[in-house]
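Okay, structure first, notes after.
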Amino acid sequence: MTAPLITTVPAFDVADVRADFPILSIDVYGKPLVYLDNAASAQKPRCVIDAMTDAMATSYANVHRGLHYLSNEATAAYERARSVARKFVHADDEREIILTGGATDAINLVAECFVRDRIEPGDEIILSELEHHSNIVPWHYLRQEKGAVLKWLPVTDTGEIDLDAYRDLFSTRTKFVALSHMSNALGTILPAADLVKIAHDHGIPILLDGCQAAVHLPLNVATLDCDFYAFSGHKLYGPTGIGCLYGKLEHLEAMRPYRGGGEMISLVTKDEVEYA
């Protein structure tokens, strides 16, 4: 008879962990706050709050906009964040990391600058019924404006997806796939590597929405071989209003500019603009 597998769980001191989060010191309805909405947005630990406060109090300056001491320091810190994000997702090149205003911003960037120009009326985009609205609405824009057809991967009664049903969705009109890595509603972990391989077997690029997976799973975008991977800062204990897009370098270099601004140009005059 095989002995049962016994897993040792590391000691978990609830009081010590709660002490890292200042907001958990408050009372709600006369009782200590218990916060269970982390799938929507995580509370911030003291180290993050202190870092944000210190940046505003002692080292704030425009990034990439000056040559004075504070601007250089702010720029260096900003680029260190890109390096940290690259290591976090195991991308091959820092140029594959785009710092965005959030995962929604990242997905919209891909929809607008990569997919839009590839869509003709009747072309298809594959989504799943597990998707967050942020990975649905941008594709509806392309349905309304470009005539794209949205094809939906159904969810089984157990909250999972069927790979055979996924394979059956591909056709000669398929142009893009955008799927969650982990469901924000059910916690379902999708078989991301299989999803990517099947898409690539059909020659189709794929984006993974990693907002939930980035918090809970080890990430290696190079091994996954996905074309794009989006995640947000606020679910990773950071502030609202920041996020990250990983994209394969060849895709990013082929994408047209998303928004106009200062750092994106090498030359601008009254009559012309040259992009950096």
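Heavy atoms only: backbone and side chains are in, while hydrogens, waters and symmetry mates are out. Residue numbers count from 1 along this sequence.
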Over all atoms of both residues, closest heavy-atom pair of [X] and [Y]:
X: Y35; Y: S41; result: OH-O, 2.5 Å
X: S232; Y: K235; result: OG-CG, 3.8 Å
X: A199; Y: F170; result: CA-CZ, 3.7 Å
X: R167; Y: D164; result: NH1-OD1, 2.9 Å
X: A222; Y: H90; result: CB-O, 3.7 Å
X: N72; Y: G66; result: OD1-O, 3.6 Å

Distance-only, no hydrogens or angles: does the [X] side chain make a donor-acceptor pair with backbone N or O of [Y] under 3.5 Å?
X: N220; Y: T223; value: yes
X: D123; Y: E120; value: yes
X: K44; Y: A42; value: yes
X: S71; Y: H68; value: no
X: E131; Y: L127; value: no
X: D13; Y: D16; value: yes
X: S180; Y: S183; value: no

**Q.** Criterion side-chain contact (heavy atoms from CB on, under 4.5 Å) on H64 and E79, from CA distance to verdict
**A.** CA-CA 10 Å; H64 291 299; E79 292 302 330; 2.8 Å; yes
Report, one line per pair, each donor and acceptor closer than 3.5 Å where one atom sits in a side chain of residues 99-113; sequence neighbours left out.
{"residue": "T100", "atom": "OG1", "partner": "G102", "partner atom": "N", "Å": "3.2"}
{"residue": "T100", "atom": "OG1", "partner": "G102", "partner atom": "O", "Å": "2.8"}
{"residue": "T100", "atom": "OG1", "partner": "G243", "partner atom": "O", "Å": "3.4"}
{"residue": "T100", "atom": "OG1", "partner": "C244", "partner atom": "N", "Å": "3.4"}
{"residue": "T104", "atom": "OG1", "partner": "S134", "partner atom": "OG", "Å": "2.8"}
{"residue": "D105", "atom": "OD1", "partner": "R259", "partner atom": "NH2", "Å": "3.1"}
{"residue": "D105", "atom": "OD2", "partner": "G101", "partner atom": "N", "Å": "2.9"}
{"residue": "N108", "atom": "ND2", "partner": "T104", "partner atom": "O", "Å": "2.8"}
{"residue": "E112", "atom": "OE1", "partner": "R116", "partner atom": "NE", "Å": "3.1"}
{"residue": "E112", "atom": "OE1", "partner": "R116", "partner atom": "NH2", "Å": "3.4"}
{"residue": "E112", "atom": "OE2", "partner": "R116", "partner atom": "NE", "Å": "3.3"}
{"residue": "E112", "atom": "OE2", "partner": "R256", "partner atom": "NH2", "Å": "3.3"}

Might you confirm whether atom [atom1] of [X] has over 12 heavy atoms from other residues, nucleotides or ligands at distances under 6.0 Å?
X: R95; atom1: CZ; answer: no
X: I26; atom1: CD1; answer: yes
X: Y237; atom1: OH; answer: no

Do [X] and [Y] belong together in a cluster built from hydrophobic side chains that touch within less than 4.5 Å?
X: I206; Y: V89; value: yes
X: I119; Y: I136; value: yes
X: L207; Y: I98; value: yes
X: W152; Y: I125; value: yes
X: I49; Y: L24; value: no

Q) Who are the salt bridge (Lys or Arg N to Asp or Glu O under 4.0 Å) partners of D20, not counting sequence neighbours? A) none
With rounding to the nearest 0.5 Å, note down the distance linking [atom1] in [X] to [atom2] in [Y].
X: L179; Y: S128; atom1: CG; atom2: OG; answer: 5.5 Å
X: L219; Y: L224; atom1: CG; atom2: CG; answer: 7.5 Å
X: D54; Y: C47; atom1: CG; atom2: SG; answer: 12.5 Å
X: H216; Y: N38; atom1: NE2; atom2: CG; answer: 7.5 Å
X: M255; Y: E250; atom1: CE; atom2: CD; answer: 12.0 Å
X: Y166; Y: I126; atom1: OH; atom2: CD1; answer: 6.0 Å

Heavy-atom distance under 4.5 Å between the side chains of [X] and [Y], does that happen here?
X: V155; Y: E160; answer: no
X: F88; Y: F231; answer: yes
X: L252; Y: F228; answer: yes
X: V115; Y: K175; answer: no

Q: Hey, can you tell me if F176 and W139 have their rings parallel, tilted or perpendicular (30° and 60° cut-offs)?
A: tilted
**Q.** Those residues that, when tested against F21, pass ring pair (Phe, Tyr, Trp, His ring centres under 6.0 Å) (two or more places apart)
**A.**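 Here no residue qualifies.
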**Q.** Criterion side-chain contact (heavy atoms from CB on, under 4.5 Å) on T174 and H202, from CA distance to verdict
**A.** CA-CA 9 Å; T174 304; H202 289 84; over 6 Å; no
Q.
Between K248 and D225, does any NZ, NE, NH1 or NH2 come within less than 4.0 Å of an OD or OE carboxylate oxygen?
A. yes
Q) Taking it one step at a time, do D209 and H132 satisfy side-chain contact (heavy atoms from CB on, under 4.5 Å)? A) CA-CA 9 Å; D209 174 357; H132 188 280; 4.3 Å; yes
Q | Exercise: do S171 and E124 side chains pair donor with acceptor under 3.5 Å | A |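 On atom types as modelled, these side chains qualify, holding a pair under 3.5 Å.
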Which donor-acceptor pairs under 3.5 Å do side chains of residues 187-198 form with protein atoms, sequence neighbours excluded?
{"residue": "T188", "atom": "OG1", "partner": "G159", "partner atom": "O", "Å": "2.6"}
{"residue": "K197", "atom": "NZ", "partner": "D201", "partner atom": "OD2", "Å": "3.1"}

Q. By the rule that ILVMFWY residues connect when side-chain heavy atoms come within less than 4.5 angstrom, directly or transitively, which residues belong alongside V48?
A.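 Reading the cluster by chain and number, V48 sits alongside M52.
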Q | Remaining members of hydrophobic cluster (4.5 Å side-chain criterion), V34 | A |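 Listed partners: L36.
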Q: Run the numbers on H251 and D227 for side chain to side chain donor-acceptor pair (under 3.5 Å), then give the verdict.
A: CA-CA 8 Å; H251 296 330; D227 298 276; 2.7 Å; yes
Q: Flag this pair as yes if the NZ/CZ of R82 is under 6.0 angstrom from the six-membered ring centre of Y78 and inside a 45 degree cone about the axis; otherwise no.
A: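 Not flagged: R82 not positioned over aromatic ring of Y78.
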Q: Show your reasoning for whether side-chain contact (heavy atoms from CB on, under 4.5 Å) applies to I161 and T156.
A: CA-CA 6 Å; I161 57 101; T156 68; over 6 Å; no
**Q.** CA sep, side-chain torsions, deciding dist, call: E73, S59, side chain to side chain donor-acceptor pair (under 3.5 Å)
**A.** CA-CA 7 Å; E73 287 294 298; S59 60; over 6 Å; no
